[in-house]
Amino acid sequence: MNDGCGLNTKWVEEVWPDQLSTRYEVADALHDEQTPFQAMRIVESKMFGRMLMLDGMVQTTEKDEFIYHEMMTHVPIIAHGDARKVLIIGGGDGGILREALRHDSVEKAVMVEIDQGVIDFSKRLLPTISDGAFDDPRAEIIIGDGAKFVAETQEKFDVIIVDSPDPIGPAKALFAPEFHANVAKCLTERGIMTKQNGSTWMQPGELPEAFEMIRPLYKYNAAYLFAVPTYVGGLFASLFCSQGTDPAGLDIVTLQARFNGLNDRTRYYNPGVHFGAFQLPGYVKEKLQ
Ligand code: SAM
């Protein structure tokens, strides 16, 4: 913890080496541990509430988590229209699991998370994020490497959401070509994969590199954007890849009809935001051509 300026103020810092660092004033350090996989820290930040950091990078915060978790989950599930089985790779804080289980169509949500400690401490210290999702009878939690799971499973899923950290530590495997080939194998005919692909500004190569690697695997490849205050660098990208569901083929009336089934319990996602998120600015679009 860095001692900041002022009396008794304390700060945590997210450092982008040689470029930028963001400091968050914290009231309290709640947990600090080197797990077998990563450095895990949970702090009480003054602006964003409780915050999970892994290897020094902000993963999720109580105040702005709804943006990322709604956009990573409702875009593919509503685009699919009848998602019964969902696979979440990573996602140990439980936010994606919570949002997936809001859909009555979802009969089973499998989460493959490599680090039991993230689940345990997120449940204990960040309970509003999972909000009881881990206890839902439709949830199946597997502690293991997501890359290994998709290589070995015979199961098929309608939606696969890759909620990994940045490509460091155990997450590196989730950015490799064989992982993506295996994910494509685990999707049903109209199945959809979404994958967080970093900041379009701070990690400008991540989205185009992933696009090039993954494009040959699917008929439909798209990116959609949204902004999360604690994901530094403006517009944040997710991939949307599918063999059988064209994101551009979904009109706002269809999206609205499906969204109504969600009882409007969202604070960021809505059909207009869904539709607009796929309209890319030039500086992003030009890299994907
Ligand atoms: N929303 C965050 C982001 O966009 O950076 C990710 C949050 S979630 C906490 C990331 C999770 O992926 C962590 O709990 C981490 O333990 C898990 N993870 C990393 N590598 C993994 C792997 N190979 N298999 C399964 N889970 C993995």
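Values reported hereafter were calculated over all heavy atoms of this structure, with side chains retained and with hydrogens, waters and symmetry mates removed. In each ligand, atom 1 is the first atom listed, and ligand 1 is the first ligand listed.
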Lys/Arg-Asp/Glu bridge criterion (N-O < 4.0 Å) met for Arg98, Glu65: yes

Counting heavy atoms under 4.0 Å, the part of Gln38 that contacts ligand 1 is side chain

All side-chain hydrogen bond (donor to acceptor under 3.5 Å, both in side chains) counterparts of Thr230, not counting sequence neighbours: Asp64

What distance do Gln203 atom CD and Tyr231 atom OH have between them, rounded to the nearest 0.5 Å? 11.0 Å

Can Met72 be said to touch ligand 1, with heavy atoms closer than 4.0 Å? no

Is the shortest distance from a heavy atom of Ser164 to ligand 1 less than 4.0 Å? yes

Nearest protein heavy atom to atom 9 (C) of ligand 1, by residue and atom, and its distance? Asp93 OD2, 3.5 Å

List for me each residue that meets side chain to side chain contact (heavy atoms under 4.5 Å, CB included) alongside Leu187, sequence neighbours excluded, and say none if there are none. Ile160, Met193, Tyr218

Tell me: protein heavy atom nearest atom 13 (C) of ligand 1, and distance? Glu113 OE1, 3.4 Å

Out of Ile142, Ile114, Val150, who is nearest to atom 25 (C) of ligand 1 when you count heavy atoms only? Ile114

Considering non-hydrogen atoms of the protein only, which is the closest contact for atom 7 (C) of ligand 1, and what is the distance? Gln59 OE1, 3.3 Å

shortest atom 4 (O) of ligand 1-to-protein heavy-atom contact is with Tyr68 OH, 3.4 Å

From Asp163, Asn197, Ile88, Val162 - option closest to atom 8 (S) of ligand 1 by heavy atom: Asp163

Should Asp166 be counted as touching ligand 1, given the test is an N or O pair under 3.5 Å? no

